[in-house]
Amino acid sequence: MNKRFDFISTTLKGLYKVDRKIIQDHRGLLSRLFCVDHFKEIGFNKSIVQINHTLTQKKGVIRGMHYQNPPYTETKIVTCIQGEILDVAVDLRQGSSTFLKWHSEILSADNQSSLFIPDGFAHGFQTLTEDCHIIYMHSNFFSPGAEEGINPVDSKLAIRWPLDITEISNKDNNYPMLDDTFKGIMIL
């Protein structure tokens with residue numbers, strides 16, 4: 001029985017909120033970010049091949065919505081270890097019953113939650129506090145030629161960002177708006 005994680009299904013198949021169980025005493029705490037044996041419970045049988053850390057210093061910043069095209073699609077496990085973010089995943093899987101639907105979770109150092117994002121989703125977040133540190137675990141290596149994005153303020157998605165946008169990169173701001181020709185990505 002898994003005593004370190006609660007995997008909570010969302011309305012988007014394969015996307016899970018992960019609540020980490022804390023071991024705490026007078027010295028501090030221990031929080032396990034990942035265990036291959038436990039994540040098998042939700043069907044994750046890939047390797048983590050890359051772990052990245054980002055710091056976003058300003059409140060209200062949006063980073064995303066990023067994804068990689070096949071054969072470089074990736075599963076991500078996103079964790080906020082300082083600060084608080086609204087983490088968002090958009091289903092881009094071709095033929096999915098929830099195609100272009102999105103789901104968000106507040107991730108923070110306080111709530112000890114992560115978001116498990118399967119292949120075929122775009123990912124992004126907005127900082128809700130200053131000095132947000134995010135850890136990303138990836139099942140595939142970053143491939144610059146496969147990198148894509150969708151515009152985080154696309155009216156077709158209508159993502160409800162809770163704060164006014166204080167900053168967004170030129171690259172993210174210049175991702176195209178979706179049109180009827182976008183059919184999603186085929187998961188291999």
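Computed from a prediction, not measured in an experiment: that's the story for all the values here. Worth knowing before you read on, the calculation uses all heavy atoms, side chains too, and leaves out hydrogens, waters and symmetry mates.
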Phe39 vs Val36 side-chain heavy atoms within contact, under 4.5 Å
no
Check this for me: does any side-chain nitrogen of one of Asp91 and Arg93 sit under 4.0 Å from a carboxylate oxygen of the other?
yes
Less than 4.0 Å between a side-chain N and a carboxylate O, is that true for Asp19 and Lys21?
no
With a 4.5 Å limit on heavy-atom distance, are the side chains of Cys80 and Asp87 in contact?
no
Give a yes or no answer on whether the side chain of Asn151 reaches the backbone of Pro176 with a donor-acceptor pair at less than 3.5 Å.
no
Using a distance-only test with no angle check, is there a side-chain donor-acceptor pair under 3.5 angstrom linking Thr181 and Asp179?
yes
In this structure, would Ile106 and Val78 fall into the same cluster of hydrophobic residues linked by side-chain contacts under 4.5 Å?
no
Hydrophobic cluster membership, with links at side-chain heavy-atom distances under 4.5 Å among I/L/V/M/F/W/Y: are Phe142 and Ile77 in one?
no
Do Thr129 and Lys59 have side-chain heavy atoms sitting under 4.5 Å apart?
no
Check step by step if side-chain contact (heavy atoms from CB on, under 4.5 Å) holds for Asp131 and Gln82.
CA-CA 7 Å; Asp131 297 322; Gln82 180 178 312; 3.7 Å; yes
Can a donor-acceptor pair be found, under 3.5 Å and without considering hydrogens, that links the side chain of Trp102 to the backbone of Leu157?
yes
Quick one, Thr56 with Phe125, criterion side-chain contact (heavy atoms from CB on, under 4.5 Å). Give me CA distance, side-chain angles, the key distance, then yes/no.
CA-CA 10 Å; Thr56 306; Phe125 66 86; 3.9 Å; yes
Tell me whether the count of non-hydrogen atoms from other residues, nucleotides or ligands lying under 6.0 Å of OH in Tyr136 goes above 12.
yes
Check the hydrophobic clustering (I, L, V, M, F, W, Y; side-chain heavy atoms under 4.5 Å; chains of links allowed) and say if Tyr72 and Phe141 are grouped together.
no
Ring pair (Phe, Tyr, Trp, His ring centres under 6.0 Å) with Phe116: of Phe7, Phe44, Phe5, Phe34, only one passes, and it is Phe44
Is it true that a side-chain atom of Thr127 and a backbone atom of Lys58 form a donor plus acceptor pair closer than 3.5 Å?
yes
Walk me through whether Arg27 and Asp25 qualify under salt bridge (Lys or Arg N to Asp or Glu O under 4.0 Å).
CA-CA 5 Å; Arg27 300 167 296 167; Asp25 64 20; 2.5 Å; yes
Tell me if a side-chain donor or acceptor on Trp161 pairs with a main-chain N or O of Ile62 at a distance below 3.5 Å.
no
Note, Tyr67 side chain near Val90 side chain (heavy atom, < 4.5 Å):
no
